[in-house]
There are 2 protein chains.
Amino acid sequence: MYVTISKRLREAGFRATPQRVAIYMTLAQTKAHPCAERVYEKLHREFPSLSLNTVYKTLQTFEELGLVRRLDTGEGICRYDANPAPHVHLACKACGRVLDIDYDGTYILERMANHVKENGGHEVCDFNLILYGYCRSCSSQEAGSN
Amino acid sequence: MYVTISKRLREAGFRATPQRVAIYMTLAQTKAHPCAERVYEKLHREFPSLSLNTVYKTLQTFEELGLVRRLDTGEGICRYDANPAPHVHLACKACGRVLDIDYDGTYILERMANHVKENGGHEVCDFNLILYGYCRSCSSQEAGSN
DNA sequence: TTCAGTGCAAAGACTTTGCACTCAG
DNA sequence: CTGAGTGCAAAGTCTTTGCACTGAA
């Protein structure tokens with residue numbers, strides 16, 4: 001993994017700095033879809049010199065390289081996902097978590113793209129689909145404690 | 001229309017101020033999915049005393065009342081749509097416009113909700129689907145003048 | 001060695017808050 | 001009349017910019 005990301009950065013003409021590797025690893029090891037601030041908090045302990053600014057810049061770079069996907073869930077922050085393939089997310093209105101949904105994103109994209117091409121003549125190349133609701137644990141707790 | 005929005009506000013226990021009516025009308029009369037700033041600009045001419053702040057507050061109120069839908073297209077701003085029903089949007093990467101896509105949002109929602117309920121046990125009640133690509137006019141102009 | 005990348009501080013964009021004034025009901 | 005709503009200014013949150021220093025290649 002470490003090797004992979006370093007290699008991919010270099011192949012793209014970027015330097016594989018420890019900061020970049022650490023940020024990528026953090027993202028790759030979580031399913032929480034953290035925002036820049038959250039990534040920073042997590043890394044700051046073991047990497048005290050790291051600046052929030054670098055996290056922002058790095059995540060931006062990763063997004064441009066297609067290593068990472070940016071999610072807008074309507075919270076007013078950018079979350080990031082180490083899985084850059086189009087896929088579906090669920091934002092829980094109770095606990096605030098953002099979960100991956102097991103739905104074939106590529107298939108959805110293909111179908112949407114065809115439909116939209118045929119009906120409006122528009123060219124679709126990506127999508128962002130967020131479902132809003134309540135995750136399993138929150139919806140089973142009935143009485144919304146939040 | 002004027003009557004409708006006034007009435008709906010009053011029925012919900014809110015005052016039907018000229019500002020609120022004007023803001024609603026502005027939104028209802030456009031397909032551009034404007035942000036608060038854009039709504040403000042449009043109204044400021046004929047309504048010089050209106051403040052941007054009021055636009056923000058009003059749009060927030062409308063959203064809470066379900067009169068309006070908030071869109072996150074990943075531009076870092078909130079756009080608003082006078083159609084509160086779930087539906088699909090296309091964000092053009094060339095011209096920046098956000099278009100409505102003629103796709104039955106309610107049907108999509110229903111299918112998604114069923115699938116997700118059966119597979120993960122999550123409760124889905126709304127969605128936000130943004131397609132990214134190039135609108136008809138931009139994709140026919142080939143050479144991205146961007 | 002060299003310049004892409006980092007870290008710091010400051011600025012910027014969008015949005016919210018606080019408070020006295022105003023006008024819809 | 002009365003308090004919900006407005007407008008102004010100031011503050012807040014998230015993100016970006018500018019610049020000198022550092023360390024990956």
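Chain letters run A, B, ... following the sequence lines, proteins first, then strands; residues in each count from 1. These values consider heavy atoms only, across backbone and side chains, with no hydrogens, waters or symmetry-generated copies.
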**Prompt:** Ring centres of A/H33 and A/Y80 under 6.0 Å apart?
**Reply:** no
**Prompt:** So what does B/E37 touch, heavy atoms closer than 4.0 Å: a base, only the sugar-phosphate, or nothing?
**Reply:** nothing
**Message:** Using whole Å, what does the distance between atom C1' of nucleotide D/dC14 and atom CG of B/D72 come to?
**Reply:** 14 Å
**Request:** Let me know the distance between CZ of A/R20 and C1' of D/dG23, rounded to the nearest Å.
**Result:** 13 Å
**Prompt:** Is there a donor-acceptor contact under 3.5 Å from the side chain of B/H44 to the main chain of B/K42?
**Reply:** no
**Item:** Among D/dA9, C/dC14, C/dG5, the nucleotide that comes nearest once only the side chain of B/N53 is considered
**Value:** D/dA9
**Request:** Would you indicate, yes or no, if D/dG7 has its OP1 or OP2 atom less than 4.0 angstrom from a side-chain nitrogen or oxygen of B/Q19?
**Result:** yes
**Message:** Regarding A/C78, tell me which of base, sugar-phosphate or nothing describes its non-hydrogen contacts under 4.0 Å with the strands shown.
**Reply:** sugar-phosphate
**Request:** Could you check whether A/S49 gets within reach of a base, just the sugar-phosphate, or nothing at all, counting any heavy atom under 4.0 Å?
**Result:** sugar-phosphate
**Where at least one partner belongs to residues 25-39 of chain B, residue pairs that pass salt bridge (charged side-chain N to carboxylate O under 4.0 Å, His left out), sequence neighbours excluded** = B/R38-B/E41
**Asked** Whole-Å distance between D/dC14 P and A/E41 CD?
**Response** 11 Å
**Item:** Whole-Å gap separating P (C/dT15) and CD (B/E63)
**Value:** 12 Å
**Message:** Just the rounded figure in Å: distance from P of D/dG7 to NE2 of B/H44.
**Reply:** 10 Å
**Request:** Could you say whether B/F14 or B/L52 is positioned toward the 5' end of DNA chain C, judged by the nucleotide with the nearest heavy atom to each?
**Result:** B/L52
**Request:** Take atom CG of B/L9 and atom P of C/dA24, then tell me their distance rounded to the nearest Å.
**Result:** 13 Å
**Request:** Could you pick out which residue, A/S51 or B/Y56, lies toward the 5' side of DNA chain C when each is mapped onto its nearest nucleotide?
**Result:** A/S51
**Message:** I'd like to know if A/R15 reaches the base of D/dA25 with its side chain, counting only an N/O donor and acceptor under 3.5 Å.
**Reply:** no
**Prompt:** Between A/Y132 and B/F127, does the ring centre distance come in under 6.0 Å?
**Reply:** no
**Request:** Measure from CD on A/E11 to C1' on C/dA4 and round the result to the nearest Å.
**Result:** 18 Å
**Request:** Could you tell me whether the phosphate oxygens of D/dG23, OP1 or OP2, come under 4.0 Å of any side-chain nitrogen or oxygen in A/T17?
**Result:** no
**Prompt:** Is the closest basic N to carboxylate O distance between A/E63 and A/R69 below 4.0 Å?
**Reply:** no
**Fill in**
When rounded to whole Å, the CG to P distance for the pair B/L50 and C/dT22 reads 17 Å
